[in-house]
Structures are given as C-alpha cells and as structure tokens.
Amino acid sequence: MTQALTFLGIESSCDDTAAAVVRHVPGQPAEILASIVEGQTALHAAFGGVVPEIAARAHAERLDHCVEAALAGANLRLSDLDGIAVTAGPGLIGGVLSGVMLAKGLSAASGLPMVGVNHLAGHALTPRLTDAVSFPYLLLLVSGGHCQFLIAGNVDDFERLGGTIDDAPGEAFDKTAKLLGLPQPGGPAVQAEAAQGDARRFAFPRPLLDRPGCDMSFSGLKTALLRARDAVIAEKGGITVQDRRDLCAGFQAAVADVLAEKSRRALERYLALNPPTPLLAVAGGVAANTLIRSRLTALCDRMGVRFLAPPLALCTDNAAMIAWAGIERFRLGARDDATLAARPRWPLDQTAAPMIGSGKKGAKA
Amino acid sequence: MRPETVLAFDTSAAHCAAALLLPDGRVLNRLEAMDKGQAERLMPLLQEMLDEAGIGFGDLTRIAVGTGPGNFTGVRISVAAARGLALALGVPALGVTRLEALAHGLPRPLTVIEDARRGAVYLQVFGPDATDACLLDAVQVPATARTPHLTGDAAGPAALPPALPLAQAIAEIAAARSLPQPRPAPFYLRGADAAPPSDPPPVLLPG
C-alpha cells in the first residue's frame, strides 16, 4: 500500500490522557499534525503513585476533549481522516476501556476503520515515526511501568530479550523520591539531588548483574534505599540535605550500572543478527535521565552502534506513537471491529516466557 | 417539539440495555443480562437495533446514556461510547442517572432506594420535596423514606415496579430535556477509595 494516511491516535493506558493526529506519505518523514497530552500528576500527587480509579475517572471525562483539541490543532475534521488507532492494552484497564469505547463510538458514527494498538508497540515503533529507521533495531523501553529489551524485527514482530522481573525503574525513582520527601514524578527530582551527591557514600546492590541474560530487578534496590535511609535516621533522628543527595546519587548510579551492563548484553545478542545499520533506541520517561543516557551513549560509541533517543515528548506516553503504530499496522491490513477488547495484560512478544504477573491470567507485558 | 431520534444505552450494572425512540413513535428495546463483556457487546447490540429500525447512526438526533450510580467501569463504558458517538455525529449526548430513570413515569411524591452494596443505599426523593441523590447507610433509610410511593431494589416490599424498561426511560428523559446540556459524566456518588500514603517522609535536618 502506498497511499497517504492520516490517523487519529488515542492513548489512556496510564496517567496521561492523550490524542494526536499523524500523517504519513510513503517515502516521506511522518508528520505529527497535532499531539495533545493532558497529564494527571496533580490528581495523583497526594497518593504517592497513580491510583487506577482516579486515572480512569479523569480519562472518561477528558479524552473526548483531547480528541477535539487534536483535530482542531491539525485543522482537520474526522471525515478528513483515514482511520482511528487506540491503545487497547496493556495498562490500567479502566483507562484503556475509556479509550477503546470512545474509539468505538467515533468509528461507528464516522465509518472510519479502527485499529487497536499495543501500547508497547507504540513505544517500540516510535524510532520509525521520528527517524524512519529500518528494522531490525534494538529498543530499550524504560519507564514508570515498563522495562524491557526488544528486538524490533518488523511492525508486528518483537523479540523480548529480557526485562524487569518486578518493578520498573521509573517506579523505583518515584518510590525513592517518596521515601526521601521529594516531589513526584521522582525521576527529575532524584536526578537533581543526585547531581550534588556522592554516589560512593552508600553501597547499593546491582541486582541480577551476576546472572547471565538481560533480566533485571529493581525492587531490591528500593528496599536497600529504605534501609540506608533508616540507618541514617536511626543515627541522627532525620536526614540532612546532603544525606539525601548522596542517597539519590547512589541509587541513580546503581540503576545506571544495571541498565548499562544489561544493555551491553542485549546489544551483543542483537549484533549477532548482523543488522545492516545497528541501532539502539530508547523509549520511556526514564530515558530522560542524563546519567543513564550518557552511559548508553558511551556504550553505543564503544560498540559501533547508533544511539537514538527520540524527543522526550515522544519518549513518554503520548498518542502520536499510537496513531503511528496504527498507520503501520493498517498498512499491513490490521482492522478491528466493534468487538475489540481492552486488555490489561498483553505482552508484545507472545512467545517469550512471562516475567511479571505469570499467574493464571498470564503475563502482564 | 421536533421529533427526535434518540438512542439510549446503559451498562451500569450486569447488563447491556438499549432503547431507540423513533420519530414515528416506535420504540425498540433490548436488554441482555451479562456479568462481563459489556465493552465488547455494546456497539454490536446498538448496530443490531439500528439495523432492525432500518436507520443508521447518522439518523440519530440525540444520544442518551445511563450515568449510574452503579458499577464504575460499566458506567464509563457507556459514557465513553456516548461521547465518541456524539463527537463524531455532531449531536448532543445527554446523561441520565439510574435514579432519575427508575423514577420516570411513577407517581409522586416518590423515593427511589437502590442497593449500593457494602451496607449502603442510593436514595433520592422526587416530587414536591425533591432531594439530590445521596449515599446513605442502609440503617438510616426508614427515617428518610416517608413518601407515599417507593421504588428501587432496596425499597422493600412496597416498592413499585419501574414504569418502563431502564433504557427507554433514559431515552424519554433525554428526549424531553432542553438544550444545551453538559456532556454526560459518570455519576459516582462514591469516592475513588484511595488513601494517602501512611508513611510520612523523613525529618529533614539542617546542615
């Protein structure tokens, strides 16, 4: 198929309510005509994390406004579009359902085709939206909810090399901030403190570094931080600003060490495929961390691999990536009907062994 | 009043309910009981009803949706679909609460009392001394429910049966409302059940 396509994208799987319009003319760079992201940080701030019911309530009442804003921003009407792409999972089911049902209503009333998109595929295909890169490439998805290495072999062919077996690093940054009385989201706050801290003062573990493979674990790191903090409190009755900086620096260095070493191993496996233009791309909010980014850049330099970090607004949750993934899947013939189901659990690599949530309901992501 | 073509639906409990009011006075009703799967079933059900009436989504002049109180996720399924339909069709979507719908067509003064689970009820009085809907402990109800007429699944043996199928009541109420109306929003009556973190941040020492 070589026709120009313009898609609406809808995303509501976590705590960002988003809609976007993306156009792609074959042979040309994709164009983001509008991208609206309404964050919910303030709604969840008092709770020290995303509360699923609060998120779902906000999505249900804000999504249609975001769609209107995206269409207005693109100066298009629904009838000017070629299709609607919507995140159908994995994620917080209340939010995903709101998006899927909005999309079904829009599709039924407009007659536009609908494509359900895996949220992780949205992240994984972003390097093709921003830089039109070729398959296969290696992707490190590292965010508040996810952490995994994927070899993107094609639009619907992802091989997961490994990932976290418990918490995602973004979640660990948030919890660290919470334990140290820093604001949410934790990533920027912890990074700012760490910049003035001594990473060597506190000894933090590097979980699973001694094991082969690309799997990671971050929940033990969070516990280690709690213990180190409590040891300081036991000694002094509280923590000083410098204690906090040093704790942040030590924690951040441990996360960066783990990600860098596991990335090296993932790159080795990826390079064994002899990709013609080797590339490591990152996605997810944690990719904004400057220490992690510089470690990955240095690693790629050493290994002769191009390093690609899309603009932060396209690394964190957004609907442009969903519209784009919809366009890519639509070109391969993907269509969903009005029975499209919202899926809380939906691993991108269906063949890989589950890492998280491997109970009777299957792998989460 | 211009004859309206109103599509109404509700998934606030263990069902998919839908009704279609046509300008010639015909009314179509559908009710399918289901504990889950409303999100997958709702749109095909609506399409089947439109097919039966020989019209399409483009012929609708109003969308009406049940906003609860009820199952949070169920309410959002219908509200999100209603907003999507309204946005694409350029017609208004109107929200009608479950309590308003149950009261529709019944004699006043009337108290609607619905089971809210966890030992609580949703209660609203309609008529001369009308009240806003509220969430009450079930034990408080006898003192409150003094109207001659009662309805609802927690109203006891004297409860009147509903005058109309739920979705048809939603459709008729929405058809009679003057415009403009706010977009339909879930009517929760209950908070999100989220508690602030219990562990306080550490004391920050000077120096």
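Sequence lines set the chain letters: A, B, ... in the order given, protein chains first and strands last, and positions in each chain run from 1.
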Please flag which part of [X] lies under 4.5 Å from any non-hydrogen atom of chain B: side chain, backbone, both or neither.
X         : value
Ile239(A) : both
Arg77(A)  : neither
Ala342(A) : backbone

Practice task
Verify the neighbour count for atom CZ of Arg227(A): are there more than 12 heavy atoms of other residues, nucleotides or ligands below 6.0 Å?
Solution key: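 Not buried by this count: 12 neighbours or fewer within 6.0 Å.
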
Problem - Within 6.0 angstrom of Asp129(B) CG, more than 12 heavy atoms from elsewhere - result: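 Count not over threshold, so no.
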
Problem - From CG (Leu102(A)) to CD1 (Ile77(B)), nearest 0.5 Å - result: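 If I round to the nearest 0.5 Å, the distance is 13.5 Å.
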
Exercise for the section: Rounded to the nearest 0.5 Å, what's the gap from NZ on Lys104(A) to CG on Leu42(B)? Could you check? Expected result: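 Rounded to the nearest 0.5 Å, the NZ-CG separation comes out at 8.0 Å.
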
Of the non-hydrogen atoms in [X] and [Y], which two are nearest, and what is the gap between them?
X         : Y         : result
Ala108(A) : Leu85(B)  : CB-CD2, 4.2 Å
Ala80(B)  : Ser98(A)  : CB-O, 3.4 Å
Met43(B)  : Gly105(A) : CE-CA, 4.1 Å
Ala192(B) : Ile54(A)  : CB-CG1, 3.6 Å
Pro202(B) : Gly181(A) : CD-N, 4.0 Å

Handout entry: Matching residue for Leu205(B) among Thr240(A), Val241(A), Asp243(A) - test: side-chain contact (heavy atoms from CB on, under 4.5 Å)
Key =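 Of all the options given, the one that passes is Thr240(A).
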
Problem - Choice from Asp64(A), Thr339(A), Leu63(A), Val51(A) maximising heavy atom contacts with chain B below 4.5 Å - result: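 Looking at each of Asp64(A), Thr339(A), Leu63(A), Val51(A) in turn, Asp64(A) comes out on top.
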
Exercise for the section: Count the heavy-atom pairs under 4.5 Å between each of Leu180(A), Leu182(A), Ile233(A) and chain B, then report the option with the highest count. Expected result: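 Top count of heavy-atom pairs under 4.5 Å with chain B: Leu180(A).
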
Note, [X] side chain near [Y] side chain (heavy atom, < 4.5 Å):
X         : Y         : value
Arg76(B)  : Leu97(A)  : no
Arg244(A) : Leu204(B) : yes
Arg83(B)  : Val67(A)  : no

Handout entry: Residue Pro206(B) versus chain A: region with a heavy atom under 4.5 Å
Key =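 The answer is the backbone of Pro206(B).
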
Practice task
Residue by residue, scan residues 21-41 of chain B and write down, ordered by number, those that have a heavy-atom distance under 4.5 Å to chain A; if none do, write 'none'.
Solution key: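 The list, in residue order, reads Ala39(B), Glu40(B).
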
